[in-house]
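In what follows, every chain begins at residue 1, and chains take the letters A, B, ... in the order their sequences are listed.
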Amino acid sequence: MRSPIVKYLDATPLFGSLARINCWPERRPSVQIHLRLDRHYWNLTMRQSRHVGKTLREVPKDTQTAAHALMLRAGYIRQLSAGVYTYLPLLHRTLNKISQIVREEMAAAGSEELLMPALQSQELWVESGRWERYTAVDGIMFAFKDRRGSTACLGPTHEEVVTDILRQEIKSYKDLPRNVFQIQTKFRDEIRPRFGLMRAREFIMKDAYSFDPDEAGLEAAYEAMRLAYHRICRRIGFQYRAVEADSGAIGGSGSQEFMVLADTGEDVILFCDRCDFAANQEQASSRLEEFPQDAEMRPMEAALGEGLIGVEPLAKFLEIPVWKTTKTLLYDSGGQMVAVMVRGDCDVNEVKVANHLGGAPLRLAAPERIREMTGAEVGYAGPIGLPAGVRILADRYVDGRVNFECGANRTNYHNINVNFGRDLPRPEFGDFKLARQGDQCPRCAGRLQAARGIEVGHIFKLGTKYSEAMSCRYLDAQGQSRPVIMGCYGIGVSRMAAACIEQNHDDRGIIWPPQIAPYHVHLIGLNLEDPVVREGAESIYQRLQQERIEVLFDDRPLRAGEKFSDADLIGLPARITVSKRTLEKGQVEFKRRAEGQAVQVGLDEAIERIRQMCAASTDS
RNA sequence: CGGAGCGUAGCUCAGCCUGGCAGAGCACUUGGUUUGGGACCAAGACGUCGCAGGUUCAAAUCCUGUCGCUCCGACCA
């Protein structure tokens with residue numbers, strides 16, 4: 001039985017899809033006038049014969065991650081320039097679904113959606129004090145002159161704009177709290193765009209901002225967002241961890257990152273094997289073994305250790321344990337030279353050093369500069385005898401050692417039996433070492449484990465950084481003027497799509513979780529040039545539409561192998577195959593992408609299974 | 001920013017060293033045979049060799065510049 005056809009003038013310049021079907025298989029369609037029933041379910045269904053985003057058989061070069069390669073091959077993205085991509089129809093649907101989940105959870109957490117300009121002016125960024133850092137220093141913001149000669153930029157984030165909007169809105173404590181969010185394209189001139197959507201120069205982000213009268217309000221807003229982020233990650237089905245994080249250039253106090261676990265992740269996270277401690281490596285602290293120390297200080301002397309670079313050979317040569325050696329690294333912190341000492345078996349956590357120094361960008365000193373300051377080749381720097389004006393920091397594990405080693409600021413020489421207080425003044429101590437896998441948890445007796453993660457969400461307590469700088473203030477009940485307390489909360493929407501693929505794929509393609517799959521079902525029609533099969537497949541297609549199931553119908557005149565391979569690549573969660581063979585038995589073939597085996601069932605049964613699959617995924 | 005590599009058909013690439021008609025596979029078009037896991041036969045279409053300049057009788061090839069894309073990089077004190 002042909003699907004119901006009513007007279008309808010389709011004014012589109014394209015052939016109506018049924019028109020094309022009707023002239024099948026003559027292959028020279030003439031324009032005919034028909035109802036396109038799928039028009040009523042426009043956003044539910046698509047015929048693959050009309051779909052933009054062909055699959056590629058060959059793997060494009062220059063792809064480093066599975067998600068990047070699969071997105072290109074399966075027709076989800078096309079690159080326009082470095083770190084700039086078109087989101088083709090399939091990905092666009094997935095992005096909409098992720099956005100919808102985010103919208104629902106943000107609304108449930110009391111945030112109100114708006115949309116701010118991506119095109120911003122220099123003025124606000126100068127006012128907040130971030131212009132220099134974002135343009136000249138880090139150069140992460142696209143900035144340019146408009147035709148009137150004033151400087152404009154494309155927003156990498158929206159603290160300035162939102163603070164400007166809300167300061168016009170908020171006058172009294174009665175105007176608080178407020179919480180707004182937007183889902184928008186952001187621009188960052190990344191030093192190195194890579195991994196497709198993972199680190200792009202143009203990407204979709206959800207950013208939310210909270211405005212509260214006091215710390216308690218901020219706590220509540222932050223907690224609401226934290227819970228919303230957990231719900232979002234759970235609904236998408238991520239394997240993830242929320243970790244303590246550094247708040248970086250945005251500024252502020254507390255912050256957490258939501259990290260999707262993946263070997264290709266750019267961040268290292270550390271978590272305790274006993275308690276719930278978890279942190280970004282940049283932020284993590286840890287405890288180290290401490291060792292019994294010598295009872296007496298021995299005289300300091302300079303030991304000749306020719307060409308000994310690296311603490312392992314040095315320790316072996318000097319016949320001392322590695323923990324007695326000391327690395328002294330020289331940095332330039334916005335013009336101030338800084339020496340940082342860590343125990344020989346440790347590395348410097350540059351983020352912590354930079355934060356300790358007030359946030360100025362930290363760079364390792366150039367070799368010429370090191371020679372100039374130490375009077376020695378690179379590799380022999382030490383804290384004794386550095387020029388006045390060099391600020392000396394030391395990790396706390398450098399302290400407490402008796403008779404330690406350090407560089408002598410003299411090529412090939414190392415000072416041994418060095419002791420603070422006697423041979424040099426005690427420097428500024430702090431937590432400056434990089435925590436590592438195997439270190440002891442800072443909170444309990446457990447050990448730290450490491451994993452790589454993709455940062456898909458980040459929540460910050462900003463405090464008054466922007467409200468002070470930009471004068472976003474209110475009058476409290478006593479008539480006192482106070483700065484609004486702010487928080488900001490970001491989610492990388494397009495990055496989430498990439499992270500999901502990174503976590504859900506096999507060697508044949510993507511395996512979407514139903515809740516963010518572009519369509520629920522891939523309907524594969526085989527041998528459609530047979531009019532009986534064509535009719536059967538069409539009526540199943542119509543039926544799925546009537547059941548409000550999102551379906552991509554592969555109605556192309558291709559061989560079975562190509563269709564199945566494409567279906568595996570595109571990765572819709574369920575596949576229904578219709579062919580002469582199945583129709584003769586009055587059945588269809590149903591297969592889940594995540595599972596191997598296909599089963600022959602009636603159409604009603606297949607529909608029921610799809611419903612169950614979708615329901616199961618939204619319950620979680 | 002520093003270092004390196006690559007730009008040739010829609011895609012993946014060969015040709016460049018040693019200058020001499022622009023190539024292959026896949027994809028595409030047509031016809032035929034096939035038809036449930038990326039088939040086969042035959043015929044065809046497809047190019048400003050990134051761009052600009054230079055050398056040369058002659059440049060994809062050599063030289064200079066330029067634009068684009070990609071990779072690597074501070075693990076050493």
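Non-hydrogen atoms lying under 4.0 Å from RNA chain B are contributed by A:V378, A:G379, A:A381, all within residues 375-388 of chain A. RNA chain B is contacted by A:D568, A:R575 of residues 567-576 of chain A, taking any non-hydrogen atom closer than 4.0 Å.
The partner of B:G31 is B:C41, by the rule that a Watson-Crick or G-U pair needs both atom distances under 3.5 Å. Across all strands shown, B:G10 pairs with B:C26; the Watson-Crick or G-U wobble distances both stay below 3.5 Å. A 3.5 Å limit on both hydrogen-bonding distances identifies B:G3 as the Watson-Crick or G-U partner of B:C71. Pairing for B:A58 is absent, with no Watson-Crick or G-U wobble pair whose two atom distances lie under 3.5 Å. In this structure B:G19 sits in no base pair that meets the Watson-Crick or G-U test at under 3.5 Å. Using Watson-Crick or G-U wobble geometry with both donor-acceptor distances under 3.5 Å, B:A52 finds its partner in B:U64.
Electrostatic pairing of A:D431 and A:R396 does not count as a salt bridge here, judged by no charged N lying under 4.0 Å from a carboxylate O. Using a cutoff of 4.0 Å between basic side-chain nitrogens and carboxylate oxygens, A:D506 and A:R593 are scored as salt-bridged.
Between A:F142 and A:F187, the ring planes lie perpendicular to each other; the angle is over 60°, past the 30° to 60° tilted range. Using cut-offs of 30° and 60° on the angle between ring planes, the pair A:F432 and A:H356 is perpendicular.
When the nearest nucleotides of RNA chain B are assigned to A:E312 and A:A598 by heavy-atom distance, the more 5′-ward of the two goes with A:A598. Comparing A:T55 and A:I191 along RNA chain B, the residue whose closest nucleotide (by nearest heavy atom) sits nearer the 5' end is A:I191.
Nucleotides B:U30 and B:A45, compared at atom P, are 15 Å apart to the nearest Å. Across B:A24 and B:G47, the matching P atoms stand 14 Å from one another, rounded to whole Å. Spacing of C1' atoms, B:G25 relative to B:C46, comes out at 15 Å, to the nearest Å. Comparing B:U61 with B:A52, their P atoms are spaced 12 Å from each other, to the whole Å. Nucleotides B:G23 and B:A60 have their C1' atoms positioned 12 Å apart, rounded to a whole Å. For the P atom pair drawn from B:G5 and B:C63, the interatomic distance equals 13 Å after rounding to whole Å. Separation of the P atoms belonging to B:G73 and B:U12 is 24 Å when rounded to the nearest angstrom. Nucleotides B:A27 and B:G10, compared at atom C1', are 7 Å apart to the nearest Å.
For A:Q281, the side chain to side chain donor-acceptor pair (under 3.5 Å) criterion is met by no residue, not counting sequence neighbours. Applying the salt bridge (charged side-chain N to carboxylate O under 4.0 Å, His left out) rule to A:D395 yields no partners; only residues at least two apart in sequence or on another chain are considered. Residues satisfying the ring pair (Phe, Tyr, Trp, His ring centres under 6.0 Å) criterion with A:Y413, sequence neighbours excluded, are absent altogether. Take A:K591 and apply the salt bridge (charged side-chain N to carboxylate O under 4.0 Å, His left out) test, not counting sequence neighbours, and it matches no residue. In this view, A:K563 satisfies the side chain to side chain donor-acceptor pair (under 3.5 Å) rule with no residue, not counting sequence neighbours. Partners of A:E202 according to the salt bridge (charged side-chain N to carboxylate O under 4.0 Å, His left out) rule, which considers only residues two or more places apart in sequence or in another chain, do not exist here. A:R371 meets the salt bridge (charged side-chain N to carboxylate O under 4.0 Å, His left out) test with A:E377; sequence neighbours excluded.
A:Q79 has a side-chain polar atom (N or O) that falls below the 4.0 Å cut-off from OP1 or OP2 of B:U70. Note on A:R559: a side-chain N or O is less than 4.0 Å away from OP1 or OP2 of B:A39.
Using a 4.0 Å heavy-atom cutoff across all strands shown, A:V348 reaches no nucleic acid atom at all. Using a 4.0 Å heavy-atom cutoff across all strands shown, A:T325 reaches no nucleic acid atom at all.
The list of side chain to side chain donor-acceptor pair (under 3.5 Å) pairs with a residue in residues 82-91 of chain A, not counting sequence neighbours, reads A:H68-A:Y85.
Here B:C69 is the nucleotide among B:C26, B:G37, B:C69 with the atom lying nearest to any side-chain atom of A:S81.
Note: CZ (A:F432) to C1' (B:C75) measures 19 Å, nearest angstrom. Separating the CG atom of A:L362 from the P atom of B:A74 is a distance of 15 Å, rounded to the nearest angstrom.
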Atom pairs and distances, side-chain donor-acceptor, residues 343-351 of chain A, under 3.5 Å, sequence neighbours left out:
{"unit_1": "A:R343", "atom_1": "NE", "unit_2": "A:D345", "atom_2": "OD1", "d": "3.0"}
{"unit_1": "A:R343", "atom_1": "NH1", "unit_2": "A:E289", "atom_2": "O", "d": "3.2"}
{"unit_1": "A:R343", "atom_1": "NH2", "unit_2": "A:D345", "atom_2": "OD2", "d": "2.9"}
{"unit_1": "A:D347", "atom_1": "OD1", "unit_2": "A:K327", "atom_2": "NZ", "d": "3.1"}
{"unit_1": "A:D347", "atom_1": "OD2", "unit_2": "A:R436", "atom_2": "NH1", "d": "2.9"}
{"unit_1": "A:N349", "atom_1": "OD1", "unit_2": "A:V351", "atom_2": "N", "d": "3.1"}
{"unit_1": "A:N349", "atom_1": "OD1", "unit_2": "A:K352", "atom_2": "N", "d": "3.1"}
{"unit_1": "A:N349", "atom_1": "ND2", "unit_2": "A:E282", "atom_2": "O", "d": "2.9"}
{"unit_1": "A:E350", "atom_1": "OE2", "unit_2": "A:Y331", "atom_2": "OH", "d": "2.9"}

Exercise for the section: For nucleotides 3-12 of chain B, just jot down a letter per nucleotide in 5' to 3' order: B, S or -, based on protein non-hydrogen atoms under 4.0 Å. Expected result: ---S----BS
